[in-house]
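So the structure is just underneath, and the comments pick up after that.
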Number of protein chains: 2
Amino acid sequence: MAEVGRLAGVSQVTVSRALSAPEKVSPETLTRIQDAIARTGYVPNAVAGALASNKSNLIAALVPSVTNIVYASMLHAFSEIMWQHGYQIMLSETGFDPQREEKAIATHLSRRPDAILLTGVHHSPAARRMLHNAGIPVVEVWDVSDTPIDRCVGFSHIEAGSAVADFAADAGYAHAATITAGDERALRRRDAFTARFERRTGTKVEQVNYADSASLGVGRQALAALVERGLPPHAVVFCSSDQFAHGALIEAAVRGLSIPDEIAIIGFGDQEFAASTAPALTSVRIDRQVLGQTAAYALVDRFGTNPTGPKVYNVGFEIVRRQTA
Amino acid sequence: MAEVGRLAGVSQVTVSRALSAPEKVSPETLTRIQDAIARTGYVPNAVAGALASNKSNLIAALVPSVTNIVYASMLHAFSEIMWQHGYQIMLSETGFDPQREEKAIATHLSRRPDAILLTGVHHSPAARRMLHNAGIPVVEVWDVSDTPIDRCVGFSHIEAGSAVADFAADAGYAHAATITAGDERALRRRDAFTARFERRTGTKVEQVNYADSASLGVGRQALAALVERGLPPHAVVFCSSDQFAHGALIEAAVRGLSIPDEIAIIGFGDQEFAASTAPALTSVRIDRQVLGQTAAYALVDRFGTNPTGPKVYNVGFEIVRRQTA
DNA sequence: ACAAGAAATGAATGCGCATTCATGTTCGTG
DNA sequence: CACGAACATGAATGCGCATTCATTTCTTGT
């Protein structure tokens, strides 16, 4: 930067200004500086800038998994908005593991991000302490909480599970089963569904659980297991994701079970493909685009001098009835 | 850090050493320092560290899209290895747009990453220049090139397209069509497929192209379009992704076309679900896990004092024959 | 034509750490 | 017992920039 200044016949300060506040530099000087930058191929050192100004323009984003489309698409929407506002993303995957999350938080905080995005509202005590001490904006997504660390954007998994149970009971299904992956939030949906459905119908809800993440193949296996256990006719299966639901759908079709008469299927997430399966999947829509964008705007608002946004933003959900239930 | 030193009765230097080279500090001093760190809740400032040591432990990763599973899973494998080696990931999405990539490269370089991961081998001249001037390790993935910027890990899309054409011709298919998304690499596969298949069979290959990224729904539309155009019987459809192929599969089933007799389908990518569709999808396997890991190891090797790895690493591909072709 | 404010620029300083280099201490060996 | 070697520690310095604060030059109104 000093080198550029020499070439342009000005001081380092003026070059700095030319880059960060060009309106404070006279037009001729600005031109000379820009010329000098072009000639030297100068690339600003944002590390030094961050140290001097105590502002990194970096956002730490911790998601369970980028290979899971629901988190990936939320992240996409989030990073798009942050990028537009001049921020960049440091990414880590936590794999649903609070220990990993804690380590990742510690590492990321040492880089002095301007804010941090976390998935879910359950964090280790040490993690909460670190975040508190860091004193930076924090946004938790994919869930709501009465006691957010800072900001929170999501929906209630308990309400979602209950709503699906009501939907199923209202539709006249007397029996139900669940297929659930190893995601803490999915487990809460499952339990809320089960509690509400059993209360409404008086029949026990069968469960198939998997520790891993969801996939089409496992969804097929799960439905096969349920059928072999002797699922009663006209039962509804609530899956923790559309992947599972699609797998269950395929397995049911292969077994010649008519959908939704002999077996009904409800997915979760309303992914893009849900409308295009045959028959089209009934699912619960979570607008992941809005989720990511709202999280981003919550941070941008928080960066401002007088934040006006709410602490907790509930984006809700919507049961999308198609053909499988 | 000076504060921690005061508490432990040592200088800032010793604290620095205690953190970066604990074996160079006497055990008792180390204990006192660790105690002081715990009491103060000190969090190292990696920004200052990076400025002083000219080493950021950050890797810039530029991928077209994180919502596309093939890039997401490669990124996952890559970041996993880099994380184990003490590096963190700065992520940007380029959306298949060289202009966006160029801007993202400039922004990322200002953060002085220790290396950069790029997707594909086609970059704007300005981008190449910047990368060259930066003088940091660069790894290009998902493609191979005779003139890599630095390191390159991928496979030949031309070979892949040609191999699928040979496979189809060998299997006796006399007619073919392609369904392709707006990915430059997919276009090269399509063109190689078309050229080889037309040469082998003498029949013209039909095309359906979409500018957007692949989805199940669009795959269905595409197959519908092909059928309505009057696709000859016993034709094979080469899709640029398994999403498209699965959509085509569903549409074919809905239309009562028998697979693979009336219509054969070949996907690309061999995603997890490909083996679980009904009928199971024939596809081209790219080991994205290996791709990401190899890219990571290429960088780690490159960071060493005497790198031994090859400039270009071809991970190859494999046609996985299942039931749809 | 002159005071007073605005605009344009530069000198000095420090952000928090890593990296020399110098100094003091302990140990093994002949 | 003395001497060099390994070890443990600290003082000083600078990484490249942003941020005061001071200085100079240019406007403007009367």
Side-chain angles (χ1 to χ4, degrees), chain A residues 1-34 36-37 40-58 86 88 106-114 133-136, chain B residues 1-34 36-37 40-58 86 88 106-114 133-136:
Chain A
M1 196 175 246
E3 162 74 9
V4 170
R6 272 203 310 101
L7 254 170
V10 295
S11 73
Q12 173 258 321
V13 196
T14 308
V15 180
S16 171
R17 258 193 290 258
L19 291 171
S20 58
E23 76 283 359
K24 293 194 168 179
V25 173
S26 73
E28 317 87 73
T29 315
L30 192 55
T31 313
R32 286 210 316 281
I33 291 174
Q34 284 165 343
I37 288 176
T40 53
Y42 165 76
V43 178
N45 185 326
V47 177
L51 182 61
S53 67
N54 202 26
K55 173 131 180 24
S56 63
N57 289 304
L58 273 176
Q88 284 174 268
T107 313
H108 278 108
L109 285 182
S110 77
R111 303 213 179 260
R112 301 294 189 266
D114 290 343
N133 292 339
I136 57 173
Chain B
M1 198 176 246
E3 164 73 10
V4 170
R6 273 204 309 100
L7 254 170
V10 295
S11 73
Q12 173 259 320
V13 197
T14 307
V15 179
S16 172
R17 257 193 290 260
L19 290 171
S20 58
E23 75 283 0
K24 292 192 169 181
V25 173
S26 74
E28 317 89 72
T29 316
L30 191 56
T31 313
R32 284 208 317 281
I33 291 174
Q34 285 166 341
I37 289 176
T40 54
Y42 166 76
V43 179
N45 186 325
V47 176
L51 181 62
S53 66
N54 202 27
K55 173 132 180 24
S56 62
N57 288 306
L58 274 176
Q88 285 174 266
T107 312
H108 278 108
L109 285 182
S110 77
R111 306 219 177 256
R112 301 293 190 268
D114 289 343
N133 292 339
I136 57 173

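Residue numbering restarts at 1 for every chain, and letters A, B, ... go by the order of the sequence lines.
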I want to verify a distance call: between dA18(C), dC15(D), dT9(D), whose nearest atom is closest to the Ser16(B) side chain? dA18(C)

Let me spell it out: for each of Met1(A) and Pro27(B), pick the nucleotide of DNA chain D with the closest heavy atom. Which residue's pick is nearer the 5' end? Pro27(B)

State whether Ser26(B) places a side-chain N or O below 4.0 Å from either non-bridging phosphate oxygen (OP1 or OP2) of dT9(D). yes

Backbone of Ala46(A) reached by a side-chain donor or acceptor of Arg111(B) within 3.5 Å: no

I want to verify a distance call: between dA11(D), dG14(C), dA12(C), whose nearest atom is closest to the Gln12(A) side chain? dA12(C)

Can you find a side chain N or O atom of Ser11(B) that sits less than 4.0 Å from OP1 or OP2 on dG10(D)? yes

So what does Val47(B) hit on the nucleic acid, given a heavy-atom distance under 4.0 Å: a base, only sugar-phosphate, or nothing? nothing

Against the side chain of Leu51(A), the closest entry in dC17(D), dG16(D), dT19(C) is dG16(D)

Closest non-hydrogen contact found for Ala50(B) with Ser56(B) is CB-CA, 3.9 Å

Among the candidates dG16(C), dA18(D), dT9(D), find the nucleotide nearest to the side-chain atoms of Thr29(B). dT9(D)

Residue Thr14(A), side-chain heavy atoms: nucleotide from dC15(C), dT9(C), dT19(C) that is nearest: dT9(C)

Between dA18(D), dT19(C), dA18(C), which one does the side chain of Ser53(A) approach most closely? dA18(D)

Can you tell me whether the side chain of Arg17(B) and the base of dG10(D) have a donor-acceptor pair closer than 3.5 Å? yes

Heavy atoms only, 4.0 Å cut-off, all strands: where does Asn45(B) land among base, sugar-phosphate and nothing? sugar-phosphate

Minimum-distance pair of heavy atoms, taken over all atoms of Leu7(A) and Ala36(A): CB-CB, 3.9 Å

Heavy-atom count check: over 12 atoms from other residues, nucleotides or ligands less than 6.0 Å from Asn133(B) CG? yes

Give one of base, sugar-phosphate or nothing for Val25(B), where a contact means two heavy atoms less than 4.0 Å apart. sugar-phosphate

